[in-house]
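Worth knowing before you read on, the calculation uses all heavy atoms, side chains too, and leaves out hydrogens, waters and symmetry mates.
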Amino acid sequence: MSKFIGIRHEDKYVMERRAPLTPRHVERLIRGKQLDIVVQTSAKRVFTDDEYRQAGARIADNLGECSVILGVKEMPESFFEPDKTYVFFSHVIKGQAYNMPMLKRMMEMGCNLIDYEKIVDEQGRRLIFFGRYAGLAGMINSLWSLGLRLKEYGFDTPFLKITQAHHYASLDEAKKIISEVGQEIAEKGLPAELRPFTVGFTGYGNVSQGAQEILGLLPVKEISPDKLTELSQRDYLPNNLIYKVVFKEEHLSAHKDGRGFDLHDYYAHPENYQSVFEQYIPHLSMLMNCMYWDARYPRIVTKAYLEKAFSEGRPKLTVIGDVTCDPDGSIEITHKGTEIEDPIFVYNPFTREPMMGHKGEGMLVMAVDILPSELPRDSSNGFADALINFIKPIADCDFSEAYEDLDLPRAIKKALILHNGALTHDYKYLETHLR
């Protein structure tokens with residue numbers, strides 16, 4: 001089969017406008033690597049068909065002639081064809097039940113599956129990711145949500161000048177507006193009733209760094225979690241300063257038997273740990289959840305905690321930006337990932353029901369699960385910068401060979417979940433989820 005590389009039209013979400021390769025990167029691959037690239041036509045992709053055509057790609061309604069197909073999000077079961085190679089975020093590595101039918105179909109068709117999320121270096125650090133852009137957009141959205149929610153509480157703040165991330169033409173435009181908001185806060189301050197204004201971040205990786213980058217456009221002072229609990233005891237606190245706190249694993253959980261926190265042991269045996277994060281929640285104005293989580297780890301904000309907190313009066317915590325966005329996960333009240341068109345909801349702790357929008361009693365949550373698509377041009381460029389060097393080796397690989405003989409970069413080989421329809425060694429554990 002000819003080694004045509006296909007770029008698929010994204011159809012899982014209405015507002016998914018990203019692409020794994022931009023026209024600029026496509027042109028480099030065509031001219032520099034002599035690859036043939038076919039782009040599936042799309043009316044909504046942030047890069048137009050004409051941009052790709054001018055880069056040298058061919059535009060087509062379908063990708064039937066392509067042996068390697070690149071996408072961003074999951075692909076429908078009906079899309080897969082026998083013996084082809086697919087590269088996308090499959091969201092199967094946690095055994096996600098909703099994607100097991102897709103994985104089964106790929107296995108039946110003898111497909112190869114490479115998952116961006118598992119392309120890592122020797123230290124396990126991801127090499128190709130949108131994470132920073134999820135943090136950037138998540139923080140923009142959360143500041144916008146904060147302005148709306150504080151307005152509901154009777155406070156007019158400079159945050160009202162910020163809008164949802166996808167309304168900005170570029171990241172630079174968003175940063176310019178937020179910098180202006182920061183200047184206004186520095187000069188005029190926030191309402192005295194909101195002092196001390198504090199923003200907490202869980203996690204310290206790419207997602208968290210992106211979110212912190214946006215908060216850094218405001219007048220910020222970083223303090224330790226220990227200092228957070230002391231702030232309210234101070235006699236004087238400025239109203240033109242925002243306090244930032246970054247929480248690491250040892251601040252979130254403690255061993256159940258009281259022994260000292262051990263990071264290696266925590267990752268090896270998370271079932272032996274319990275959450276201790278509730279001690280910090282009463283001191284936070286906003287929480288940005290930017291950490292990795294799966295069901296083995298303790299939750300950090302529970303429904304039971306919020307019911308108790310609201311029964312004692314409206315808590316200080318006003319907005320949760322759940323960038324992690326695991327439904328019923330570390331933030332238990334995140335019942336689903338929200339869509340860009342309807343991005344926020346208020347969870348009522350007494351009825352335990354969410355209501356979309358920014359009104360009503362309870363906790364406001366921003367939980368968009370395709371946040372990088374709110375900055376589609378910027379995030380696609382950053383992603384493609386990392387992906388481009390792997391395209392030629394993937395295109396040249398003879399996947400009919402045995403796994404041990406595949407001529408692929410080590411990072412790509414480790415990310416090969418399916419080889420000719422069979423789970424590779426590192427992913428055999430998924431068999432239990434496929435039954």
Side-chain angles (χ1 to χ4, degrees), residues 18-21 25 68-75 85-96 99 102-103 106 111-136 202-211 248-249 263-268 270 290-297 323-326 329-330 369-372 379-397 399 403-419 422-431 433:
R18 289 173 291 176
L21 294 173
H25 297 87
V68 177
I69 296 173
L70 308 174
V72 177
K73 300 298 287 184
E74 297 100 314
M75 303 176 184
T85 299
Y86 297 88
V87 191
F88 62 103
F89 287 107
S90 67
H91 297 292
V92 300
I93 60 173
K94 297 180 186 179
Q96 291 96 321
N99 279 332
M102 176 190 72
L103 187 62
M106 296 187 76
C111 298
N112 304 300
L113 168 60
I114 298 170
D115 193 316
Y116 300 122
E117 190 170 354
K118 299 303 292 183
I119 301 175
V120 299
D121 64 14
E122 294 304 314
Q123 286 72 47
R125 296 173 298 201
R126 288 175 61 179
L127 298 176
I128 303 173
F129 48 82
F130 283 107
R132 172 174 171 260
Y133 294 92
L136 292 165
T202 61
Y204 45 89
N206 294 309
V207 175
S208 182
Q209 289 173 26
K248 297 185 177 180
E249 293 90 344
L263 186 61
H264 178 75
D265 183 63
Y266 174 67
Y267 283 124
C290 304
M291 66 180 188
Y292 173 83
W293 187 87
D294 65 42
R296 298 172 300 147
Y297 297 95
V323 184
T324 298
C325 196
D326 286 306
S330 51
D369 64 358
I370 54 167
L371 280 164
S379 63
S380 296
N381 271 303
F383 188 83
D385 282 344
L387 175 61
I388 187 171
N389 291 328
F390 294 110
I391 299 301
K392 177 69 169 169
I394 293 172
D396 289 344
C397 180
F399 285 94
Y403 179 83
E404 295 76 15
D405 297 328
L406 293 176
D407 186 12
L408 284 170
R410 180 168 170 78
I412 297 296
K413 202 168 183 179
K414 288 165 64 178
L416 186 63
I417 293 176
L418 293 180
H419 178 225
L423 290 166
T424 57
H425 179 269
D426 288 347
Y427 303 97
K428 289 287 188 182
Y429 68 90
L430 289 172
E431 289 175 351
H433 298 281

### Message
If you compare all heavy atoms of M106 against all heavy atoms of N112, which two are closest, and at what distance to 0.1 Å?
### Response
CE-O, 4.2 Å

### Message
Between P393 and I412, is there a side-chain heavy-atom distance shorter than 4.5 Å?
### Response
no

### Query
Hey, does H25 have a side-chain heavy atom less than 4.5 Å from the side chain of I388?
yes

### Audit row: H91, K73, side-chain hydrogen bond (donor to acceptor under 3.5 Å, both in side chains) steps and yes/no
CA-CA 9 Å; H91 297 292; K73 300 298 287 184; 3.2 Å; yes

#### Entry: Check: S379 side chain, P372 main-chain N or O, donor-acceptor pair, under 3.5 Å
yes

### Query
Any side-chain heavy atom of S90 sitting closer than 4.5 Å to one from I417?
yes

### Task
Mind listing the closest non-hydrogen atom pair of G203 and S208 along with its distance?
O-OG, 2.8 Å

### Query
Atom NZ of K118 and atom NZ of K414: how far apart are they, to the nearest 0.5 Å?
8.5 Å

### Task
Evaluate the side-chain proximity of Q96 to H433: yes if any heavy-atom separation is below 4.5 Å, no if none is.
no

### Message
Any side-chain to backbone donor/acceptor pair from S330 onto W293? Under 3.5 Å, distance only.
### Response
no

### Spatial distance of atom OH (Y427) from atom CD1 (I93) [nearest 0.5 Å]
7.0 Å

#### Entry: Residues D326 and K94 bridged, charged N to O under 4.0 Å
yes

### Message
To the nearest 0.5 Å, what is the distance between CZ on F89 and CG on N99?
### Response
13.5 Å

### Task
Verify the neighbour count for atom CG of D405: are there more than 12 heavy atoms of other residues, nucleotides or ligands below 6.0 Å?
yes

### Message
Please enumerate all residues that pass ring-ring contact (aromatic ring centres under 6.0 Å, His included) together with Y297, with sequence neighbours excluded.
### Response
Y266

### Task
Check whether any side-chain heavy atom of L423 lies under 4.5 Å from a side-chain heavy atom of L418, and answer yes or no.
yes

### Task
Can you measure from CD1 (I114) to CD1 (I394) and round to the nearest 0.5 angstrom?
4.0 Å

### Query
Quick check: does any side chain N or O of Q209 sit under 3.5 Å from a backbone N or O of Y204, one acting as donor and the other as acceptor?
yes

### Query
Atom CG of L263 and atom NZ of K248: how far apart are they, to the nearest 0.5 Å?
10.0 Å

### Residue pair L387 / L21: nearest heavy atoms and the distance that separates them
CD2-CD2, 4.0 Å

## Note on the structure
Nearest heavy-atom contact between A415 and I119 is CB-CG1, 3.5 Å

### Query
Any side-chain heavy-atom pair from Y267 and E249 closer than 4.5 angstrom?
yes

### Query
Any side-chain heavy atom of L416 within less than 4.5 Å of one from F399?
yes

### Task
Answer yes or no: is there a donor N or O on one side and an acceptor on the other, between the side chain of D121 and the main chain of G124, under 3.5 Å?
yes

### Any residue meeting side-chain contact (heavy atoms from CB on, under 4.5 Å) with K413, in chain and number order, not counting sequence neighbours
Y403, L406, L408

### Heavy-atom closest contact (G210 atom, L136 atom, distance)
O-CD2, 3.3 Å

### Query
With a 4.5 Å heavy-atom cut-off, do M75 and F88 have their side chains touching?
yes

### Task
State whether the side chain of T324 and the backbone N or O of Y292 hold a donor-acceptor pair below 3.5 Å, judged by distance alone.
no

### Message
I want to know whether F383 and Y116 have ring centres closer than 6.0 Å.
### Response
yes

### Query
Is there a side chain to side chain contact (heavy atoms under 4.5 Å, CB included) between F130 and L371 once you walk through the steps?
CA-CA 9 Å; F130 283 107; L371 280 164; over 6 Å; no

### Query
Is the backbone N or O of C290 less than 3.5 Å from a side-chain atom of T202, with the two atoms forming a donor-acceptor pair by type?
yes

### Query
Which atom names give the shortest non-hydrogen contact between L70 and P20, and what distance separates them?
CB-CG, 3.8 Å

### Message
Please evaluate residues F390 and I128 with respect to the criterion side chain to side chain contact (heavy atoms under 4.5 Å, CB included), reporting the C-alpha separation (whole Å), side-chain torsions for both, the decisive distance (0.1 Å), and the verdict.
### Response
CA-CA 10 Å; F390 294 110; I128 303 173; 3.6 Å; yes

